[in-house]
Amino acid sequence: QVHLVESGGGLVQAGGSLRLSCVASGGIFSSRVMGWFRQAPGKEREFVAALMWIGGNTDYADSVKGRFTISRDSAKNTVYLQMNSLKPEDTALYYCAASTIFGTPRSASDYTYWGQGTQVTVSS
């Protein structure tokens with residue numbers, strides 16, 4: 001059983017930065033991919049970024065490409081999401097997720113394990 005805990009969310013002004021962290025424990029080595037998703041009120045959960053534990057391949061949603069960076073510290077079983085140039089439309093509950101699928105899947109249904117989420121609010 002993989003257990004994921006996110007942290008690092010908060011309130012920031014537009015143009016600011018935040019770094020989210022996701023600490024993984026349990027059977028994490030059975031997971032090939034870590035992803036970040038977000039869900040705003042009244043909207044569906046959407047893909048933000050994904051990273052493969054082995055090899056470090058990454059994928060980003062077009063809406064965050066060039067502004068967000070996903071990275072990992074394998075020794076700490078931690079995945080990060082560095083978010084720069086934040087916009088009000090980035091406001092959402094951000095979730096960390098783990099998948100056993102090979103590659104960098106974008107569908108939430110491909111991810112088996114989920115954290116509880118951390119709130120990011122960007123003011124204009």
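No experiment lies behind these values; they were computed from the predicted model shown. Here, residue 1 is the first one in the sequence, and each next residue gets the next number.
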**Request:** Answer yes or no: is there a side-chain heavy-atom contact under 4.5 Å between Arg72 and Trp53?
**Result:** yes
**Asked** Do any N or O atoms from the side chain of Thr69 and from the backbone of Gln82 form a donor-acceptor pair under 3.5 angstrom?
**Response** no
**Asked** Parallel, tilted or perpendicular: which describes the rings of Tyr111 and Phe37, with under 30° parallel and over 60° perpendicular?
**Response** perpendicular
**Message:** Check whether Thr91 reaches the backbone of Val122 with its side chain - one donor and one acceptor, N or O, closer than 3.5 Å.
**Reply:** yes
**Asked** If you measure from the Lys or Arg side-chain nitrogens to the Asp or Glu carboxylate oxygens, is any gap between Asp90 and Lys87 under 4.0 Å?
**Response** no
**Student check: side-chain heavy atoms of Asn77 and Ser25 closer than 4.5 Å** = no
**Request:** Drop me the distance from Leu86's CG to Ser123's OG, to the nearest 0.5 angstrom.
**Result:** 10.0 Å
**Prompt:** Taking the side chain as C-beta and beyond, is there a heavy-atom pair between Leu51 and Trp36 under 4.5 Å?
**Reply:** no
**Message:** Here's one to test your reading of the geometry: is the NZ or CZ of Arg45 within 45 degrees of the ring axis of Tyr95 and under 6.0 Å from its centre?
**Reply:** yes
**Message:** Between Arg38 (side chain only) and Gln119 (backbone N and O only), is there a donor and an acceptor less than 3.5 Å apart?
**Reply:** no
**Asked** Does Tyr94 use its side chain to pair, donor to acceptor, with the backbone of Val48 at less than 3.5 Å?
**Response** no
Let me have the donor-acceptor pairs involving side chains of residues 10-24, under 3.5 Å, with sequence neighbours excluded, atom names and distances please.
| unit_1 | atom_1 | unit_2 | atom_2 | d |
| --- | --- | --- | --- | --- |
| Ser17 | OG | Asn84 | OD1 | 2.9 |

**Asked** If two hydrophobic side chains count as joined below 4.5 Å and joins carry through other members, does Tyr80 share a cluster with Phe68?
**Response** no
**Item:** Point-to-point distance, once rounded to the nearest 0.5 Å, from OG1 of Thr58 to CD1 of Ile70
**Value:** 7.5 Å
**Fill in**
Looking only at heavy atoms, the pair that brings Ala50 and Pro105 closest together is CB-O, 4.3 Å
**Asked** Are more than 12 heavy atoms from other residues, nucleotides or ligands located less than 6.0 Å from atom NZ of Lys76?
**Response** no
**Message:** Could you check whether any side-chain heavy atom of Val120 comes within less than 4.5 Å of a side-chain heavy atom of Met83, counting everything from C-beta outward?
**Reply:** yes
**Request:** Any chance you could measure Tyr60, atom OH, to Lys65, atom NZ, to the nearest 0.5 Å?
**Result:** 10.0 Å
**Prompt:** Could you walk me through whether Ile54 and Arg32 pass the side chain to side chain contact (heavy atoms under 4.5 Å, CB included) check?
**Reply:** CA-CA 7 Å; Ile54 305 300; Arg32 292 190 173 94; over 6 Å; no
**Asked** Between Glu6 and Gln116, is any pair of side-chain heavy atoms under 4.5 Å apart?
**Response** yes
**Asked** Who are the side chain to side chain donor-acceptor pair (under 3.5 Å) partners of Ser71, not counting sequence neighbours?
**Response** none
**Prompt:** Who passes side chain to side chain donor-acceptor pair (under 3.5 Å) against Ser109, sequence neighbours left out?
**Reply:** Ser107
**Complete:** In terms of heavy-atom contacts, Ala98 and Leu4 come closest through N-CD1, 3.8 Å
**Asked** When you look at Asp59 and Phe47, which way does the side chain to side chain contact (heavy atoms under 4.5 Å, CB included) test go after all the steps?
**Response** CA-CA 10 Å; Asp59 187 26; Phe47 170 79; 3.9 Å; yes
